[in-house]
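Proteins come first, then strands; the chains are lettered A, B, ... in the order of their sequence lines, and each starts at number 1.
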Amino acid sequence: MPWATLLTSPSPPITTANRSSLPPPSAATRHHHHHHRLPPDRLALLIDKSKSITQLLPIHAFLIRHGLDRHPILSFKLQRSYSSLRRLDYSTALFHRTQNPDVFFYTAIIHAHAVNNLHQQALDFYVRMLTHGVEPNAFTFSAILRSCPIEPGKALHSQALKFGFDSDTYVRTALLDVYARGGDVVSARHLFDTMPDKSLVSLTAMITCYAKHGDVDGARLLFDGMEERDVVCWNVMIDGYTQHGRSNEALVLFRQMLGLKVKPNEVTLLTVLSACGQLGAVELGRWVHSYVVNNGIRFDVHVGTALVDMYSKCGSLEDARLVFDMIEDKDVVAWNSMIVGYAMHGFTEDALKLFTDMCRRGVHPTDITFIGILSACAHAGSVSEGWKFFHLMKDEYQIEPKIEHYGCMVNLLGRAGHLDEAYELIKNMKIDPDPVLWGTLLGACRLHGNYGLGEVIAEQLVSQNLANSGTYILLSNIYAAAGNWDGVARVRTMMKGGGVQKEPGCSSIEVNNKVHEFLAGDLRHPKSKQIYVMLEEMYQWLEAHGYTPQTDIVLHDIGEFEKKRSLEVHSEKLAIAFGLISSQPGATIKIVKNLRVCSDCHTVTKLISKITGRKIVVRDRNRFHHFVNGSCSCGDYW
DNA sequence: CTAGGGTTAG
């Protein structure tokens with residue numbers, strides 16, 4: 001690249017060869033050729049109007065030809081344009097050819113690196129600035145502190161104090177953000193409280209800090225006290241809820257935002273789509289889709305991918321695929337979302353075909369891609385395919401398997417009955433297994449009745465204090481099935497004593513653009529009465545179809561009648577009952593559950609789909625179940 | 001003689 005060499009070489013010899021390799025001069029520069037002297041402000045305007053590197057290069061060439069490339073303003077503007085086109089290589093080269101860069105140029109080049117997360121380079125420029133005797137000002141500090149890690153940030157903090165810039169609102173906000181990103185909420189709050197004047201941006205930075213570190217309610221408190229709000233702080237607050245599994249509150253806030261006529265932007269819509277996906281709120285998701293189309297929001301790869309993710313998590317794979325096919329310049333994230341979508345729905349062949357397409361187009365798979373592929377294999381029970389991709393990932397793509405990949409493999413092997421193979425895989429892992437992974441193997445032991453191995457693992461987990469709420473339940477199932485009542489009693493004592501609690505099962509269903517959530521035995525819904533009447537009717541149908549409740553999966557130490565009752569009010573059954581009374585006959589019922597569906601609910605849902613002639617789609621923690629006319633798309637294999 | 005530089009969401 002002669003052009004690059006020209007820019008990086010310490011002396012600037014412009015040879016004929018260099019010039020001939022430049023892009024052809026644009027109409028503008030051809031025009032300038034005739035008037036050898038163009039006023040700098042005209043050139044400045046030309047630079048500012050340039051929208052691509054191919055427009056910029058001929059102007060740069062022109063500047064060099066006319067000895068204007070060291071003009072402080074013009075080279076400054078040129079580097080700013082290069083930076084905004086993410087060509088920091090050209091920016092840096094230009095900087096190094098500038099004789100005595102002033103504080104403006106230094107600040108701009110520091111900023112350019114900081115926004116691209118190149119902290120070290122930004123710091124290098126800052127040090128260079130100091131050694132060259134150029135004095136930094138408040139502008140320099142706010143630029144360098146942006147995206148600066150906490151350790152160098154602390155050093156810069158003390159320097160800012162020395163220079164007296166820490167009371168500047170921009171510098172103070174940037175400092176607050178440094179501590180916030182470093183997780184030091186207390187220092188961030190202190191900087192915030194002692195701030196001379198709090199701006200909208202500094203408030204937003206503080207809200208971001210709380211939202212990021214789990215105190216969503218603390219964030220909301222500040223948010224509610226704001227005098228003015230812009231789209232950014234709304235986005236922060238909505239995203240705070242979404243990132244902490246409180247998507248329903250996110251959507252409530254989004255509706256308030258719309259009610260106050262605040263115009264959502266792309267970031268808002270990406271967050272809201274994610275919330276819709278979490279909740280299975282496809283009606284609102286579709287509304288967001290039409291908003292994108294009708295409000296001139298650019299349909300880029302980010303928006304496209306968010307829509308694919310939303311539609312597939314809401315059970316509308318066809319729509320996901322339609323959107324996916326519309327995305328131009330698909331990146332690996334876009335491919336991953338569609339592959340994972342197919343995998344979630346048990347469409348193993350489509351997932352694998354998409355993987356082949358993706359590789360053929362030269363897109364390199366990531367660890368996420370293989371989570372999709374391996375879980376697709378697991379859902380189909382394809383053991384040899386699974387091993388093939390597991391090895392392909394390590395050998396061909398040099399991706400070290402993470403705990404999630406082992407999870408897919410253990411699930412695949414375990415469900416297929418290759419328990420010893422799964423156990424060996426875990427024992428030979430380079431990373432430490434977690435309770436979830438052991439739980440997967442324990443579940444497989446229970447499924448295949450291998451209580452011997454189950455007890456070995458169980459003892460090991462209990463002795464190493466590795467059992468969690470999920471594994472305790474499996475443990476007691478296995479002990480009970482093996483007739484080890486001492487074990488059952490011991491687990492029960494540990495669960496009570498250690499404060500181990502099962503994560504409450506929660507099912508949600510969207511009706512009329514609103515998401516209704518149900519916990520087991522929930523009575524909070526305004527239509528509770530009708531729901532329980534429907535539930536009773538459902539059980540009359542079920543019994544007429546020869547259904548017997550699987551009371552053996554209930555862990556509590558209660559009588560048979562109570563066991564039956566506790567099964568009846570599982571959250572997904574309440575959601576289905578509500579779905580039945582609040583939609584037209586024949587309409588599909590879509591449920592989202594936070595845990596894996598239990599086998600009793602699976603049986604019941606199959607029967608209900610047959611009795612009512614309705615399609616019922618259930619998304620559980622692991623995958624989708626499409627219930628049609630008495631059978632499920634998972635083939636009872638989940 | 002003057003131009004030009006900064007903080008928050010993803």
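- The neighbour count for A:Asp329 CG, taken as heavy atoms of other residues, nucleotides or ligands under 6.0 Å away, does not exceed 12.
- Contacts between residues 265-276 of chain A and DNA chain B, defined by a heavy-atom separation under 4.0 Å, are made by A:Asn265, A:Val267.
- Contacts between residues 277-313 of chain A and DNA chain B, counted as heavy-atom distances below 4.0 Å, involve no residue at all.
- Taking the six-membered ring for Trp and the full ring otherwise, the centers of A:Phe139 and A:His111 sit at least 6.0 Å from each other.
- Of the charged side-chain nitrogens involved, none lies within less than 4.0 Å of a carboxylate oxygen, so that A:Asp350 and A:Arg321 do not count as a salt-bridged pair.
- A:Lys212 comes within 4.0 angstrom of the backbone, heavy atoms only, and of no base.
- When atom types are taken as modelled, the side chain of A:Gln55 and the backbone of A:Ser50 share no donor-acceptor pair closer than 3.5 angstrom.
- Judged by the 6.0 Å distance and 45° axis criteria, A:Arg229 is positioned over the aromatic ring of A:Phe223.
- Ring centroids of A:Trp335 and A:Phe324 are separated by less than 6.0 Å, placing the two rings close together.
- Nearest heavy atoms, A:Ser91 versus A:Tyr82: OG-CB, 3.4 Å.
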Apply the test salt bridge (charged side-chain N to carboxylate O under 4.0 Å, His left out) to residues A:Asp224 and A:Arg220: give CA-CA distance (whole Å), side-chain angles for both, the deciding distance (0.1 Å), then the verdict.
CA-CA 6 Å; A:Asp224 284 338; A:Arg220 181 61 188 264; 3.0 Å; yes
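- In this structure, A:Arg80 reaches the sugar-phosphate backbone alone: every heavy-atom distance under 4.0 Å involves primed, P, OP1 or OP2 atoms, never a base.
- In summary, the aromatic rings of A:His190 and A:Tyr179 are positioned with their centroids too far apart to meet the 6.0 Å limit.
- At a non-hydrogen distance threshold of 4.0 Å, A:Asn137, A:Ala138 from residues 118-138 of chain A come into contact with DNA chain B.
- Not one N or O on the side chain of A:His60 forms a donor-acceptor pair closer than 3.5 Å with the backbone of A:Leu56.
- Proximity of residues 226-236 of chain A to DNA chain B (heavy atom under 4.0 angstrom from any strand atom) is restricted to A:Val232, A:Asn235, A:Val236.
- Look at A:Asp319 and A:Arg286 and you find a salt bridge, because one of the NZ, NE, NH1 or NH2 atoms lies within 4.0 Å of a carboxylate O, short of that distance.
- Ring centroids of A:Phe370 and A:His405 are separated by 6.0 Å or more, keeping the two rings apart.
- The main-chain N or O of A:Tyr291 is found under 3.5 Å from a side-chain atom of A:Asn295 such that the two form a donor-acceptor pair.
- Here the side chain of A:Asp124 pairs no donor or acceptor atom with the backbone of A:Val127 at under 3.5 angstrom.
- Taking a cutoff of 4.0 Å between a charged side-chain nitrogen and a carboxylate oxygen, A:Lys402 and A:Asp367 qualify as a salt bridge.
- Near DNA chain B, meaning a heavy atom under 4.0 Å away, there are no residues from residues 180-194 of chain A.
- When DNA chain B is scanned 5' to 3' for any atom under 4.0 Å from a heavy atom of chain A, the first and last hits are B:dA3 to B:dG10.
- Separation of the A:Phe104 and A:Phe76 ring centroids does not fall under the 6.0 Å cut-off.
- Of the possible polar contacts, none joining the A:Gln79 side chain to the A:Phe95 backbone as a donor-acceptor pair under 3.5 Å is found.
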